[in-house]
Asks: 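Quick one: this structure, given as structure tokens, is what I'll be asking you about.
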Amino acid sequence: MKLSSLLYFIGFGAKTFLLRKKDPILGTVIVTDRCNLHCKHCSVNNITAVVHPYVKVRAEMQQLYDMGVRILFFCGGETFLWQDGGKTLRDLVVEAKEMGFMIVNVVTNGTFPIDLPEADLILLSLDGDRERHNLIRGDTYDTIMKNVDEATADNICFYMAINQLNKGAIRSVCETAKAKKNVRAVSFNFHTPYPDTKDLALSVEEKEACCREIGQLMDEGCPVFNLKSAFPYLVHNTFPTPCYQCVVIEDGKVSVCGRCIDVPGLCEQCGYFFVAEYTLLFSGKPKIIFEVLKTYLKYV
Ligand SMILES: C[S@@+](CC[C@H](N)C(=O)[O-])C[C@H]1O[C@@H](n2cnc3c(N)ncnc32)[C@H](O)[C@@H]1O
Ligand code: SF4
Ligand code: SF4
């Protein structure tokens with residue numbers, strides 16, 4: 001990360017905490033909800049299956065920038081399915097950088113070839129070893145591994161959503177990350193139980209066991225892009241929600257925190273680590289601030 005970006009984020013954090021501000025810094029553009037997969041735990045794919053046109057996506061990027069967002073994520077659906085009039089996802093990433101976003105990340109299922117060296121991080125969903133990943137995501141593991149090996153940069157971070165089907169595969173994902181030259185880290189989330197996937201939710205005891213294991217892996221030197229000091233809050237869902245510093249825009253609609261904000265009762269069961277990490281950071285918890293600086297300087 002550039003020193004100027006780091007100083008900007010420190011200034012934003014100080015202002016947010018001291019003046020109790022609710023301005024956003026992290027924004028997500030949903031480029032499409034179309035997806036080539038139908039993962040067992042996912043409730044947001046192929047609801048409209050519309051691939052949003054370039055002019056609309058570009059305007060949404062500008063809208064987020066004008067709101068103060070400087071960390072941009074492209075998400076879906078499957079982001080690599082996005083194209084319009086000869087423009088590809090890579091063009092969006094390049095244009096986002098030119099627009100002034102300081103960090104530009106992409107979230108993908110990894111089933112398409114990965115040639116995106118301009119992205120700061122490519123969060124690539126890997127939900128276990130071959131058996132458990134394929135149980136959740138269909139027969140995709142081998143294709144993903146091939147794409148990871150052939151990627152043109154080492155900016156990949158595995159992204160695992162831990163649920164009832166793959167809670168025993170945390171170590172395997174960490175070991176795969178360590179073994180792959182193009183993979184920088186692993187980032188975790190707990191399953192967020194939308195009404196149609198409630199059966200995949202983890203109990204408090206199960207979340208506690210997962211955090212113990214992730215903590216142990218961190219101590220062993222596994223590259224985990226999460227904050228250990230946020231774990232107790234994640235286990236018991238005691239972090240503040242929603243995260244006012246995060247916004248998402250989909251088809252012209254801006255939502256605070258996530259598009260899941262409209263699902264009644266979901267925030268109290270939120271499993272997204274970024275929400276805990278950001279809300280605790282901006283509430284000024286010293287341990288979290290220290291760990292954020294250490295972790296972000298290492299992986300971004
Ligand atoms: C909705 S997907 C979109 C991007 C891309 N298709 C992918 O799979 O990475 C973004 C991330 O959300 C995760 N996800 C989906 N449903 C979830 C849920 N209910 N709880 C937690 N994470 C979830 C996915 O596993 C994936 O890592
Ligand atoms: S690949 Fe991503 S968007 Fe598609 S179904 Fe799976 S989690 Fe959902
Ligand atoms: S806090 Fe609520 S809106 Fe934010 S990600 Fe969690 S469930 Fe979604």
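When a ligand or atom number is given, it counts from 1 through the structure's own listing order. Computed over heavy atoms, backbone and side chain alike; hydrogens, waters and symmetry mates excluded. If you read the sequence from its start, that first residue is 1, and numbering goes on from there.
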Asks: Inspect the contact between Asp23 and Lys21 and indicate whether a charged nitrogen and a carboxylate oxygen are less than 4.0 angstrom apart.
Replies: yes
Asks: Could you work out, for atom 6 (N) of ligand 1, the closest of Gly77, Cys35, Gly110 by heavy-atom distance?
Replies: Gly77
Asks: Just to confirm my output: which protein heavy-atom neighbour is closest to atom 2 (Fe) of ligand 3, and how far is it?
Replies: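 Here the nearest protein heavy atom works out to Cys267 SG, 2.4 Å.
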Asks: Just how far is it from atom CG of Asn226 to atom CZ of Phe231, taken to the nearest 0.5 Å?
Replies: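 It is 6.0 Å, given to the nearest 0.5 Å.
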Asks: Distance check, rounded to the nearest 0.5 Å: Phe12 atom CZ versus Ile71 atom CD1?
Replies: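 If we round to the nearest 0.5 Å, Phe12:CZ and Ile71:CD1 are 8.5 Å apart.
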Asks: Are Phe282 and Tyr244 an aromatic pair, judged by ring center distance below 6.0 Å?
Replies: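 No, the ring of Tyr244 stays outside the 6.0 Å limit from the ring of Phe282, centre to centre.
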Asks: Return the closest protein heavy atom for atom 8 (Fe) of ligand 3 as residue, atom name and distance.
Replies: Cys260 SG, 2.4 Å
Asks: Checking the N or O distance criterion of under 3.5 Å, is ligand 1 in contact with Ser125?
Replies: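 In this structure, Ser125 places an N or O atom under 3.5 Å from an N or O of ligand 1.
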Asks: Looking only at distances, please establish whether an N/O atom of ligand 1 is found under 3.5 Å from an N/O atom of His41.
Replies: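 N/O-N/O distance below 3.5 Å exists for this pair.
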Asks: Evaluate the criterion side chain to side chain donor-acceptor pair (under 3.5 Å) for residue pair Asn163 and Lys40; output intermediate values, then yes/no.
Replies: CA-CA 10 Å; Asn163 59 43; Lys40 285 203 165 78; over 6 Å; no
Asks: Check each atom of ligand 1 against the heavy atoms of Glu78 and keep those under 4.0 Å away; list them by number with element.
Replies: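 By the 4.0 Å cutoff, the relevant atoms are 5 (C), 6 (N).
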Asks: Find out whether Cys246 and Phe274 are in side-chain contact, i.e. whether some heavy atom of one side chain is under 4.5 Å from a heavy atom of the other.
Replies: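 SC-SC contact between Cys246 and Phe274 confirmed.
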Asks: For ligand 1, is Asn189 a contact, meaning one of its heavy atoms is under 4.0 Å away?
Replies: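 So Asn189 does not count as touching ligand 1.
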Asks: Identify which of Gly265, Gly258, Cys257 has a heavy atom lying nearest to atom 4 (Fe) of ligand 3.
Replies: Cys257
Asks: Are side-chain N/O atoms of Glu291 and Ser229 paired as donor and acceptor at under 3.5 Å?
Replies: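 Yes, because at least one side-chain N or O of Glu291 sits under 3.5 Å from a partner of the opposite role on Ser229.
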Asks: Under 3.5 Å, is there a donor on one side chain and an acceptor on the other for Asn166 and His133?
Replies: no
Asks: Check which protein N, O or S atoms are less than 2.8 Å from atom 8 (Fe) of ligand 2 and report how many there are.
Replies: 1
Asks: Which of the numbered atoms in ligand 2 are below 4.0 angstrom from a heavy atom of Arg137?
Replies: 1 (S), 6 (Fe), 7 (S)
Asks: Check whether any N or O atom of Thr192, backbone or side chain, sits under 3.5 Å from an N or O atom of ligand 1, and answer yes or no.
Replies: yes
Asks: Within the distance-only criterion (no hydrogens, no angle test), does the side chain of Asn105 pair as donor or acceptor with the backbone N or O of Leu121 below 3.5 angstrom?
Replies: yes
Asks: Run the numbers on Asn134 and Asp127 for side chain to side chain donor-acceptor pair (under 3.5 Å), then give the verdict.
Replies: CA-CA 8 Å; Asn134 284 350; Asp127 282 332; over 6 Å; no
Asks: State yes or no: are the ring centers of Phe273 and Phe190 separated by less than 6.0 Å?
Replies: yes
Asks: Can you confirm whether the side chains of Asn109 and Ser125 place a donor and an acceptor under 3.5 Å from each other?
Replies: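 No donor-acceptor contact under 3.5 Å links the two side chains.
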Asks: Would you mind checking which non-hydrogen protein atom is closest to atom 6 (Fe) of ligand 3, with the distance to 0.1 Å?
Replies: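 Sorting protein heavy atoms by distance from atom 6 (Fe) of ligand 3 puts Cys270 SG, 2.4 Å first.
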Asks: In terms of side-chain heavy atoms, does Thr111 have a donor or acceptor partner in Glu78 at a distance below 3.5 Å?
Replies: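 Distance-only check fails for Thr111 and Glu78.
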Asks: Do Glu95 and Tyr54 pass the side chain to side chain donor-acceptor pair (under 3.5 Å) test, and can you show the C-alpha distance, the side-chain angles, and the key distance before you say yes or no?
Replies: CA-CA 11 Å; Glu95 289 180 27; Tyr54 168 72; 2.5 Å; yes
Asks: If you measure every N/O of Ala161 against every N/O of ligand 1, is any gap under 3.5 Å?
Replies: no
Asks: Using a 4.0 Å cut-off to any heavy atom of Thr108, which atoms of ligand 1 qualify?
Replies: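 Counting atoms of ligand 1 from 1, those under 4.0 Å from Thr108 are 5 (C), 7 (C), 9 (O).
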Asks: Under a 3.5 Å threshold, yes or no: a donor from one side chain and an acceptor from the other, between Ser203 and Glu206?
Replies: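 Distance-only check passes for Ser203 and Glu206.
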Asks: For ligand 3, which atoms, with element, lie under 4.0 Å from some heavy atom of Thr241?
Replies: 1 (S)
Asks: For Val44, take its heavy atoms, then give the atoms of ligand 1 lying under 4.0 Å from any of them.
Replies: 1 (C)
Asks: Taking both backbone and side-chain atoms of Tyr159, is any N or O found less than 3.5 Å from an N or O belonging to ligand 1?
Replies: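 Such a contact does not occur with ligand 1.
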Asks: Within the 4.0 Å heavy-atom shell around Tyr272, which atoms of ligand 3 are there?
Replies: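 Checking each atom against Tyr272, I get 5 (S).
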Asks: With a cut-off of under 6.0 Å to the ring centre and 45° to the axis, is Arg70 in cation-pi contact with Tyr65?
Replies: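 Geometry flag: set, cation within 6.0 Å and 45°.
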Asks: Below 4.0 Å from ligand 1: does a non-hydrogen atom of Gly271 turn up there or not?
Replies: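 Distance cut 4.0 Å: Gly271 fails for ligand 1.
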Asks: Tell me: protein heavy atom nearest atom 12 (O) of ligand 1, and distance?
Replies: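 Looking only at protein heavy atoms, the one closest to atom 12 (O) of ligand 1 is Tyr272 OH, 4.4 Å.
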Asks: Looking only at heavy atoms, is any part of Cys75 under 4.0 Å from ligand 1, and if so is it the side chain, the backbone, or both, or is it neither?
Replies: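 Cys75 to ligand 1: side-chain contact only, backbone stays beyond 4.0 Å.
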Asks: Where on Tyr194 is there a heavy atom closer than 4.0 Å to ligand 1, on the side chain, on the backbone, on both, or on neither?
Replies: side chain
Asks: Which heavy atom of the protein is the closest neighbour of atom 10 (C) of ligand 1, given with residue, atom name and distance?
Replies: Val107 CG1, 3.8 Å
Asks: Report the member of Met160, Lys198, Arg137 with the shortest heavy-atom distance to atom 24 (C) of ligand 1.
Replies: Arg137
Asks: Using a 4.5 Å cut-off on heavy atoms from C-beta on, say whether the side chain of Lys146 contacts that of Tyr141.
Replies: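 Answer no - side chains too far apart.
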